[in-house]
Amino acid sequence: MENINFLAFAMPAFFLFVYLEYKLAQRRKRPEIFNYESSVSNISIGLAERLINLFIAASFYQLFYHIYEHYRIFDIPSTFLIWVGLILATDFVWYWYHRLGHEVNFFWAAHIVHHHSEEFNFTAAARITTFQAIIRTGFWCILPFLGFHPKMVITMLIVHGAYSFFTHTQVIGRIKWLEYVFVTPSVHGVHHASDEKYLDKNYGDMFTFWDRIFGTFQEEEEKPKYGLTHPLKSYSFLWQHFHYYFEIYELWKRSKGFQARWNAVFGSPAAMDQDIRPMLEKKFLQDKTDRSHRLKFRNYLYIQLAISTIVLTGFTYYFGNLSFYDKIFGLSFIMITLINCGALLEQRKWIYYLEYSRLFILTTYLLYVENLAEYFLIPVIIMVAAEKMFSLSRKYQNLVLQLETAER
């Protein structure tokens, strides 16, 4: 993909704005805006999306060009009024993609991750999965099909995404007069609320008039309660990505006949059996409802997120110059680190084996760089011997999984 390296600077900018928002929340004595576990989870999911999109974003853009060159209906020029029309068209397509993302199970499975967070701040804006990116790209294809040049479409999507980032915050109060035209943090906060009166409202990303036209606008009245109506009982990186697909599959198994099974996949999330998620959580998860204790060794999580961010920044900047094996190493190392962060939040004892995996990947890559890849078993033998002699797994768990009483 051309000029992909500029995306590397988006991550430092993201953390800068998160830091500024955090300091402003502290200054205004609003500590409830940030929650440690939730923020770590949000950032982990955002890093994963940025990482995986490096491998597939070029395909998105190639698809735009293919549609434009072979199937466009009109030849739309690049003029000022056309750019105005494009920004309106982009938000209109977004409205319907977003609305269907709440009304169709298959689309909701990809979008629900964005709504897991029970906090509403800049880190929540990062909760985008690659599944969601793929689905919405399908909707964006209508723009080059109409005749908007792919470069215009790509530029507008960057602007669109940047605008929506700044609507995920509570440090900006209501600007009521602006809400007649533009989506504000207050308007979008309503969309993230689980209060009954706020459900399935405010789908627009930049403009509010689509919601007003189609009857889905709701202004903020009572302070919203953010998150899902049935909160997810896990900070697990993997479970947050895949739990709703499991729920769809469970509903599909319970359904009899073609129509019922079709509805299990493409019906409304409102019709999902409410006993499915608790059943699956009981089967697969540890309960996170008891928040009287939290992870003591939190700095270890910060270190892992920092390492992931630094590696991903460099990985993005040099992506076009990396070899196949460099890319596989970067992908594997960062993904295992992010899964490890979720496992730490869940206090899973098997995280030690993730550490083994990460060490194996790192040592194998370093040996490959030095043209010594045939010796990859030597680090494995050393790790196995060290575990047998010193019981490192037990010592690691005792150190890293220490708990402390959470502040009330």
Side-chain angles (χ1 to χ4, degrees), residues 1-7 10 49-50 52-104 106-108 110-111 114 125 128-167 178-184 187-188 191 200-217 266 320:
M1 185 171 60
E2 297 180 1
N3 302 321
I4 196 172
N5 57 355
F6 84 93
L7 294 174
E49 187 266 343
R50 288 291 87 204
I52 298 175
N53 274 9
L54 284 175
F55 291 85
I56 60 177
S59 299
F60 295 165
Y61 300 151
Q62 288 168 5
L63 178 60
F64 289 163
Y65 275 99
H66 180 78
I67 292 172
Y68 179 80
E69 291 170 359
H70 296 92
Y71 300 105
R72 68 180 183 269
I73 299 174
F74 306 108
D75 288 308
I76 300 178
S78 176
T79 65
F80 174 76
L81 288 180
I82 292 300
W83 277 97
V84 173
L86 176 58
I87 196 170
L88 294 174
T90 301
D91 204 58
F92 181 74
V93 172
W94 173 273
Y95 173 88
W96 284 106
Y97 146 74
H98 200 181
R99 181 167 177 172
L100 290 173
H102 283 252
E103 296 179 350
V104 178
F106 182 75
F107 295 149
W108 178 235
H111 185 58
H114 187 61
I128 305 296
T129 69
T130 298
F131 305 126
Q132 182 175 340
I134 292 172
I135 290 172
R136 68 186 183 188
T137 296
F139 283 82
W140 297 138
C141 286
I142 193 173
L143 298 174
F145 177 73
L146 290 174
F148 291 103
H149 193 279
K151 286 187 177 180
M152 296 175 65
V153 174
I154 293 165
T155 300
M156 189 53 63
L157 292 182
I158 292 172
V159 173
H160 205 258
Y163 182 90
S164 65
F165 170 79
F166 290 103
T167 61
L178 198 61
E179 295 175 6
Y180 288 104
V181 178
F182 292 102
V183 173
T184 65
V187 169
H188 196 61
H191 176 72
D200 300 326
K201 301 295 184 182
N202 300 357
Y203 294 113
D205 209 39
M206 292 187 72
F207 303 108
T208 60
F209 38 73
W210 309 123
D211 286 290
R212 295 180 187 277
I213 291 171
F214 297 111
T216 54
F217 182 77
F266 297 105

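For this chain, numbers begin at 1 and follow the sequence in order.
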Taking all atoms of both residues into account, what is the closest heavy-atom pair of [X] and [Y], and its distance?
X	Y	result
G147	Y68	O-CE1, 3.3 Å
N202	F217	OD1-CA, 3.3 Å
F165	A125	CD1-CB, 3.7 Å
I82	P77	CG2-O, 3.0 Å

Just by distance, do the side chain of H70 and the backbone of H66 share a donor-acceptor pair under 3.5 Å? yes
Just by distance, do the side chain of D91 and the backbone of D205 share a donor-acceptor pair under 3.5 Å? yes
Under 6.0 Å between the ring centres of W83 and F80? no
Ring centres of W96 and F214 under 6.0 Å apart? yes
Nearest 0.5 Å please: distance from the [atom1] atom of [X] over to the [atom2] atom of [Y].
X	Y	atom1	atom2	result
H98	E103	NE2	CD	11.0 Å
L146	F74	CG	CZ	7.0 Å
I56	T137	CD1	OG1	7.5 Å
D211	E179	CG	CD	12.0 Å
H111	L100	NE2	CG	11.5 Å
L157	L143	CG	CG	7.0 Å

Less than 4.5 Å apart, any side-chain heavy atom of [X] and any of [Y]?
X	Y	result
H149	Y65	yes
T216	R99	yes
F148	R72	no
T90	W140	yes
V187	F182	no
F209	L88	yes
V183	F207	no
W210	Y203	no

Heavy atoms from other residues, nucleotides or ligands near CD1 of I142 exceed 12 (cutoff 6.0 Å): no
Can you tell me if F266 has over 12 outside heavy atoms packed within less than 6.0 Å of its CZ? yes
Please tell me whether H102 and H191 have a donor and an acceptor in their side chains that are separated by less than 3.5 angstrom. yes
Candidate pair M206 and I87, rule side-chain contact (heavy atoms from CB on, under 4.5 Å), full reasoning: CA-CA 9 Å; M206 292 187 72; I87 196 170; 3.7 Å; yes
Start with the C-alpha distance between M152 and I76, add both sets of side-chain angles, then the distance that settles side-chain contact (heavy atoms from CB on, under 4.5 Å), and finish with yes or no. CA-CA 10 Å; M152 296 175 65; I76 300 178; 5.6 Å; no
Tell me whether the guanidinium CZ or amine NZ of R136 lies under 6.0 angstrom from the six-membered ring centre of F139 and within 45° of its axis. no
Take Q132 and Y97, measure what side-chain contact (heavy atoms from CB on, under 4.5 Å) needs, and give me the verdict at the end. CA-CA 10 Å; Q132 182 175 340; Y97 146 74; 2.8 Å; yes
Please evaluate residues N53 and T130 with respect to the criterion side-chain contact (heavy atoms from CB on, under 4.5 Å), reporting the C-alpha separation (whole Å), side-chain torsions for both, the decisive distance (0.1 Å), and the verdict. CA-CA 7 Å; N53 274 9; T130 298; 3.6 Å; yes
